[in-house]
Amino acid sequence: MMLIPTHHFRDIERKPEYLQPEKCVPPPHPGPVGTMWFIRDGCGIACAIVTWFLVLYAEFVVLFVMLIPSRDYVYSVINGIVFNLLAFLALASHCRAMLTDPGAVPKGNATKEFIESLQLKPGQVVYKCPKCCSIKPDRAHHCSVCKRCIRKMDHHCPWVNNCVGENNQKYFVLFTMYIALISLHALIMVGFHFLHCFEEDWTKCSSFSPPTTVILLILLCFEGLLFLIFTSVMFGTQVHSICTDETGIERLKRKHQPRERRASWKSVKETFGGDFSPNWFNPFSRPCDPEPLSDGDWVRQVASLSDMGNTETTEEQSEERKDEDSVEVIDE
C-alpha cells in the first residue's frame, strides 16, 4: 500500500463520499419482533437433516434393539429416560442454534446519511464491508454463506446451518455438549449389550435377528465414537474461546491489535445468561441480551498520524486488517 502523507490522509477525513455510499441500497425495514432466522443454504440444510437423522437412528437402536427387548425393566426405564432427555435437549439446542440470529449487522447501512450522523472526529475510522454494504463494528466479520456481517463471529457451522456468533453461541455449546453425552451414553449401553448377548442366547437379547442386531450395534458404535470425539473437541474449543474472549476467527488470524478483553467469568456469564443456574443448561433460556450498538460502536480509534514513522505503521496495520476482513477502510 502506498503511503499517504499525513495532511492528505486527514484531508479525506469526515468525507462520506470516500465510502461510495451511493452504491449501497438503503437498509430494509426491520421485520417484526420474533421473526425466524433461517439460512437458505443447500449444504447446510442437508447437514442439518443428516444430524437429525443420526440422532433418530441412535434413538431407534437404543430403544428397539437394546432397551425394549431387555428383561431388566429398571435398567430399561432409567436408561430410556436419560437417553431421551439428552436427545431432546440436543435437538432443541440444535434448533435454537440454527434458527437464532447469530448477531447480524444491519445490512446496507453504509449510507451517506448514516455516516454523517456518526460525526467522526480526527483519529477515528469506520470500516465498510463491500459485500453486504454494512458499516462493520469492531469484532464483526463477513460470512460468505450467510451473506451478512456477524458480530463476534466464531465460525460458520454447516451442521447447524448457521454462523456461531454473539447471540447463539450458548445454543451451539449446549448442542455439542448434549451430543457428546448421548454418544458416550450410547457407547456404554452398546458395550453392556454386547456382553449380555455373548453371555445369553443372541436370539433372546434382541427382537431382530443376530446378524441384523450386530450390524445395527456396530453402526451405532461407529457413529457414537465419531461424534463423541468431534463434539468433545468442538465443546472444548468453544469453552476456551468464551473464557479467553477470543473467537475462532480472531485466534486463526492472530490479530496483534490491542483490545480490551473481558474477564473469563464475566464472558461466561454473558454467554450463558447471568449467574450460574440450571438455566445455563436450558436451550429454551436466552443468553444475556447484547447492548444495542451506539454510535461509538461503529467507530474505531486509530493511532495518531502526527509523525511519519507512526503513519507507516498505522497504514500497514490498516492494510493488514483490510486484507483479513475483506473490507474497505473508510477514513473519517
Side-chain angles (χ1 to χ4, degrees), residues 42-99 155 157-162 164 170-239 281-284:
C43 177
I45 294 173
C47 288
I49 293 174
V50 169
T51 300
W52 275 68
F53 171 78
L54 293 174
V55 173
L56 294 178
Y57 170 78
E59 181 83 16
F60 168 78
V61 177
V62 168
L63 289 180
F64 295 98
V65 177
M66 293 189 288
L67 296 184
I68 293 180
S70 175
R71 287 173 291 182
D72 188 340
Y73 297 107
V74 175
Y75 172 86
S76 297
V77 170
I78 292 177
N79 282 281
I81 292 174
V82 171
F83 187 87
N84 281 279
L85 178 61
L86 293 176
F88 171 76
L89 292 172
L91 294 179
S93 300
H94 182 272
C95 286
R96 294 302 300 270
M98 179 171 60
L99 303 178
H155 68 287
C157 179
W159 296 105
V160 297
N161 189 34
N162 201 0
V164 178
K170 169 187 174 177
Y171 308 130
F172 183 75
V173 171
L174 293 181
F175 167 66
T176 57
M177 182 184 73
Y178 287 128
I179 290 293
L181 289 176
I182 64 172
S183 298
L184 178 61
H185 190 199
L187 286 173
I188 294 173
M189 285 191 290
V190 168
F192 279 114
H193 198 73
F194 266 121
L195 291 176
H196 172 69
C197 290
F198 282 129
E199 293 175 356
E200 301 288 338
D201 186 355
W202 275 88
T203 59
K204 296 181 180 180
C205 70
S206 174
S207 56
F208 296 90
S209 64
T212 303
T213 300
V214 172
I215 292 174
L216 291 174
L217 291 177
I218 290 177
L219 289 177
L220 177 61
C221 186
F222 177 76
E223 175 194 338
L225 185 61
L226 181 66
F227 276 88
L228 174 61
I229 296 173
F230 177 72
T231 54
S232 295
V233 171
M234 287 302 302
F235 175 77
T237 301
Q238 289 299 301
V239 171
F281 308 99
N282 180 9
F284 300 101

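Worth saying up front: this structure is predicted, and the values here are computed from it rather than measured. Any value given below was found using the heavy atoms of this structure, including those in side chains, with hydrogens, waters and symmetry copies removed.
- For the atom pair Cys157 SG and Met98 CE, the distance stands at 11.0 Å (nearest 0.5 Å).
- Once rounded to the nearest 0.5 Å, the distance linking CZ of Phe222 with CD1 of Ile218 reads 11.5 Å.
- When side chains are defined from C-beta on, Ser93 does not count as touching Phe281, because their heavy atoms never get closer than 4.5 Å.
- Interatomic distance, CG of Leu91 versus CD1 of Ile182, reported as 7.0 Å (0.5 Å rounding).
- Separating the CG atom in Leu181 from the CZ atom in Phe83 is a distance of 11.0 Å, to the nearest 0.5 Å.
- Side-chain contact between His193 and Leu217 is present, with heavy atoms from C-beta onward closer than 4.5 Å.
- The closest side-chain heavy-atom distance from Met66 to Phe192 is not below 4.5 Å.
- With a 4.5 Å cut-off on side-chain heavy atoms, Phe175 and Thr51 count as touching.
- Considering every non-hydrogen atom in both Leu187 and Cys221, the closest pair reads CD2-O, 3.4 Å.
- Inter-residue side-chain proximity for Leu67 and Met189 is flagged as met; some heavy-atom pair is nearer than 4.5 Å.
- In terms of heavy-atom proximity, Cys47 sits nearest to Pro158 at CB-O, 3.2 Å.
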- [ ] Report the C-alpha separation of Gln238 and Thr176 in whole Å, then their side-chain angles, then the decisive distance to 0.1 Å, and conclude whether the side-chain contact (heavy atoms from CB on, under 4.5 Å) test is met.
- [x] CA-CA 9 Å; Gln238 289 299 301; Thr176 57; 5.5 Å; no
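- Taking both residues in full, the closest heavy atoms of Lys170 and Asn282 are given as NZ-O, 3.3 Å, listed atom of the first, atom of the second, then distance.
- For the pairing with Ile179, the side chain to side chain contact (heavy atoms under 4.5 Å, CB included) check across Leu174, Val55, Leu54 returns one residue only, Val55.
- Residue Tyr57 holds its OH atom at 6.0 Å from CG of Leu220, rounded to the nearest 0.5 Å.
- Within the 4.5 Å cutoff, side-chain heavy atoms of Leu89 are placed close to those of Pro283.
- The shortest distance between side-chain heavy atoms of Val50 and Trp159 falls below 4.5 Å.
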Open item on the list: One pair to check against side-chain contact (heavy atoms from CB on, under 4.5 Å): Phe64 and Leu216. What are the steps and the verdict?
Closed with: CA-CA 11 Å; Phe64 295 98; Leu216 291 174; over 6 Å; no
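- Residues Asn84 and Leu63 meet the side-chain proximity criterion, which asks for heavy atoms closer than 4.5 Å.
- The distance from atom OH of Tyr171 to atom NE2 of His94, rounded to the nearest 0.5 Å, is 15.0 Å.
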